[in-house]
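Report on the following structure.
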Amino acid sequence: MTADTSLAGKPSAHRRRRWRKWVAVLVIAHLVGFASSIDALMSTRTPQGAVAWIVSLNAVPYVAVPAYWVFGRDRFQGYVIARRDEDSALAMALAPKTAELWSHRHQPAQPDKHLYGVETLAKWPILGGNEVQLLVDGEATFESIFRGIDAAERYLLVQFYIVRADALGLELQRRLIERAQAGVEVYFLYDEIGSYRLPSSYLQGLEAAGVRVHRFHSTRGRGNRFQLNFRNHRKIVVADGVHAWVGGLNVGEEYLGRDPRIGPWRDTHLHIQGPAALALQSVFIEDWHWATEEIPDLLWEAVVRSHHGDPVLILPSGPADRFETASLMMQQAIHAAHHRIWIASPYFVPDEGVIGMLKLAALSGVDVRILIPERPDNLLTYYAAYAFVGPLLEAGVRIYRYQDGFLHGKAFVVDEVGGAVGGAVGTVNLDNRSFRLNFEVTALVMDPDFARELEAMFETDFARSREMRLAELHQLPLWHRIAARAAYLFAPVL
């Protein structure tokens with residue numbers, strides 16, 4: 001009887017020990033979840049995002065904790081520290097070289113608080129003496145970029161978010177190798193997440209020819225090791241400090257409309273000649289210094305293309321900024337509009353500040369139009385957009401859905417920038433990712449002729465689009481409305 005009792009008690013003791021382990025794991029998980037929720041409370045930029053993380057971290061910490069430390073933070077701490085400490089050396093090194101640029105600062109006929117605000121955000125002045133060319137779609141863009149690469153004599157700075165080793169990517173590689181072998185210093189920077197499929201053989205081919213190749217480390221720095229939420233979404237090419245290109249196009253055959261699955265690709269880029277090219281050069285150098293801790297020896301003497309040329313402001317933005325630069329830029333542009341603001345964006349998941357400004361502008365009689373794709377390449381952002389369009393349509397905002405392929409261009413045209421018409425082309429989408437999580441750059445051009453070019457481009461795009469009506473939202477099936485509201489919950493991380 002004694003032996004039987006002992007045998008019967010062993011499984012019970014084993015179960016108790018196993019139960020205690022599970023309890024300990026649960027307690028530790030919830031303690032870690034609670035500690036993480038304190039971090040979310042103190043660091044998450046939006047109240048909605050903070051509440052969402054706090055609830056999930058305390059309710060289901062086993063799932064939410066790893067998700068938070070990979071995707072949750074919106075401050076790129078390593079870059080912030082670098083800019084405050086290490087990059088003070090960069091600032092001191094560049095200050096005497098860029099000081100001459102301030103002599104090219106554009107002075108508007110009448111001082112304007114809107115321009116002062118965006119200059120403060122950019123930490124750069126509006127630079128005059130530029131020639132700007134609007135490039136519509138991939139063929140025109142890469143023809144211009146390749147022509148500039150072939151003509152470079154001293155150096156080339158090349159930075160893209162996505163680079164593919166397809167026909168277009170190989171053509172870029174061939175031209176960069178050719179210039180490097182001709183003695184041109186070539187610097188090639190790519191995002192480690194956006195270009196994760198880029199084969200090592202592609203990079204080795206560049207390096208073998210003498211091209212300086214580095215990836216942008218979004219995971220570099222203590223505290224960022226497991227961080228996958230940040231992207232360097234910039235697309236910049238600079239040739240000899242005189243010519244520069246910026247806009248929405250990455251390097252891949254789909255950007256030329258050659259992917260049969262995606263179809264025609266509608267995009268917008270910009271070619272800048274003049275002092276503003278050096279401002280784009282400085283954006284590249286900051287990213288390059290973060291990736292390599294090196295400061296390349298480049299030209300910093302501005303070449304004025306025309307004394308009556310286009311005033312251009314280069315405005316970089318990213319998660320290392322003290323302020324939400326991209327969102328504030330967009331809000332300022334909407335606020336500056338007296339008669340019209342037209343905006344194109346492939347992803348439309350704006351924050352509350354931008355939504356409020358769009359509503360207020362439309363209610364004030366401003367012609368507010370938003371151009372977004374009909375065909376999605378991201379289902380979450382596609383459905384989330386439906387959660388925003390209803391209230392905007394009710395306020396009088398006109399929303400167009402592009403029909404002729406996929407719309408990927410990021411641009412806007414506004415009637416009042418410094419007392420004149422102007423517009424912008426860049427890499428910023430109207431979503432939280434571009435506003436708070438991505439490194440982006442925008443070129444604002446304060447020139448009526450450029451604005452008229454943008455206006456003509458928009459008119460062509462509107463003619464290839466359908467205008468949304470409130471009635472169609474009421475006719476959507478229940479599952480679609482549920483999907484839209486569910487996707488809306490992910491807006492802080494889209």
Side-chain angles (χ1 to χ4, degrees), residues 134 136-137 161 231 233-235 246-250 255 265-270 315 317 324-334 337 340-359 361-362 367-389 391-393 397-414 423-444 454-455 457-462 464-468 487-488 491-492 494:
L134 182 65
V136 179
D137 292 334
Y161 172 58
R231 314 279 192 275
H233 196 238
R234 294 167 179 160
K235 300 95 175 171
V246 65
L249 286 136
N250 289 296
Y255 295 91
W265 189 280
R266 172 68 192 87
D267 221 319
T268 308
H269 225 76
L270 208 60
L315 193 149
S317 57
E324 295 168 356
T325 302
S327 177
L328 291 175
M329 171 201 69
M330 187 56 63
Q331 292 180 56
Q332 183 73 296
I334 299 166
R340 171 194 66 188
I341 180 164
W342 297 347
I343 305 169
S345 175
Y347 310 110
F348 186 67
V349 192
D351 60 19
E352 291 296 328
V354 170
I355 291 172
M357 292 302 298
L358 288 170
K359 289 179 182 177
D367 178 9
V368 182
R369 304 188 198 183
I370 308 294
L371 180 65
I372 58 178
E374 179 75 273
R375 185 184 308 171
D377 75 333
N378 184 310
L379 285 177
L380 272 177
T381 55
Y382 171 76
Y383 283 114
Y386 278 91
F388 297 94
V389 296
L392 290 173
L393 289 172
V397 176
R398 300 176 69 182
I399 298 176
Y400 291 80
R401 303 203 78 119
Y402 188 75
Q403 304 289 297
D404 190 16
F406 181 65
L407 173 80
H408 190 255
K410 309 99 166 50
F412 66 80
V413 60
V414 61
V425 173
T427 68
V428 176
N429 298 309
L430 259 69
D431 62 7
N432 184 69
R433 175 159 292 284
S434 276
F435 287 169
R436 296 181 177 87
L437 302 176
N438 286 348
F439 290 88
E440 309 278 8
V441 62
T442 303
L444 294 99
L454 278 178
E455 180 182 10
M457 181 188 77
F458 269 97
E459 292 284 11
T460 300
D461 290 338
F462 290 145
R464 297 172 179 172
S465 307
R466 68 174 183 86
E467 186 173 358
M468 294 188 70
Y488 170 75
L494 290 178

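In this chain, residues are counted from 1 in sequence order. Heavy-atom basis, side chains included; hydrogens, waters and symmetry copies ignored.
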- Task: Go through the structure and list residues passing side-chain hydrogen bond (donor to acceptor under 3.5 Å, both in side chains) with Arg375, not counting sequence neighbours.
- Result: none
- Hey, mind stepping through Glu324 and Gln331 against side chain to side chain contact (heavy atoms under 4.5 Å, CB included) and telling me if it holds? CA-CA 11 Å; Glu324 295 168 356; Gln331 292 180 56; 6.0 Å; no
- Query: Checking side chain to side chain contact (heavy atoms under 4.5 Å, CB included) for the pair Leu392/Ile355: CA distance, chi angles, key distance, verdict?
  - Reply: CA-CA 8 Å; Leu392 290 173; Ile355 291 172; 4.2 Å; yes
Less than 4.5 Å apart, side chain to side chain, heavy atoms only: is that true for [X] and [Y]?
| X | Y | value |
| --- | --- | --- |
| Arg231 | Leu437 | no |
| Leu358 | Ile343 | yes |
| Val425 | Val246 | no |
| Glu459 | Trp342 | yes |
| Asn438 | Tyr161 | no |
| His233 | Val441 | no |
| Val413 | Met457 | no |
| Arg464 | Gln403 | no |

- Task: Dump the intermediate steps for side chain to side chain contact (heavy atoms under 4.5 Å, CB included) on Ile370 and Arg398, then the final yes or no.
- Result: CA-CA 6 Å; Ile370 308 294; Arg398 300 176 69 182; over 6 Å; no
Spacing of [atom1] belonging to [X] relative to [atom2] belonging to [Y], to within rounding of 0.5 Å:
| X | Y | atom1 | atom2 | answer |
| --- | --- | --- | --- | --- |
| Phe388 | Asp431 | CZ | CG | 10.0 Å |
| Leu393 | Lys359 | CG | NZ | 11.0 Å |
| Phe348 | Asn429 | CZ | CG | 12.0 Å |
| Ser345 | Phe412 | OG | CZ | 12.0 Å |
| Leu444 | Gln332 | CG | CD | 10.5 Å |
| Thr268 | Leu249 | OG1 | CG | 8.0 Å |

- Would you call Glu440-Lys410 a salt bridge at under 4.0 Å N-O? no
Tell me whether [X] contacts the main-chain N or O of [Y] through its side chain, where contact means a donor paired with an acceptor under 3.5 Å.
| X | Y | answer |
| --- | --- | --- |
| His408 | Gly248 | yes |
| Asp137 | Asp267 | yes |
| Arg340 | Val414 | no |

Check [X] against [Y] and note the closest heavy-atom contact, atom names and distance.
| X | Y | result |
| --- | --- | --- |
| Ala424 | Thr442 | CB-CG2, 3.8 Å |
| Ala326 | Ser434 | CB-O, 3.9 Å |
| Leu454 | Gly423 | CD1-CA, 3.7 Å |
| Ala387 | Pro391 | O-CD, 4.2 Å |
| Val349 | Ala384 | CG2-CB, 4.2 Å |

- Relative to each other, are the rings of Phe462 and Tyr400 parallel, tilted or perpendicular (30° and 60° limits)? tilted
- Query: Is the Tyr347 ring parallel, tilted or perpendicular to the Phe406 ring (thresholds 30°, 60°)?
  - Reply: tilted
- Using the side chain to side chain contact (heavy atoms under 4.5 Å, CB included) rule, take Met330 and Val428 through it: C-alpha gap first, then chi angles, then the decisive distance, then the call. CA-CA 10 Å; Met330 187 56 63; Val428 176; 5.6 Å; no
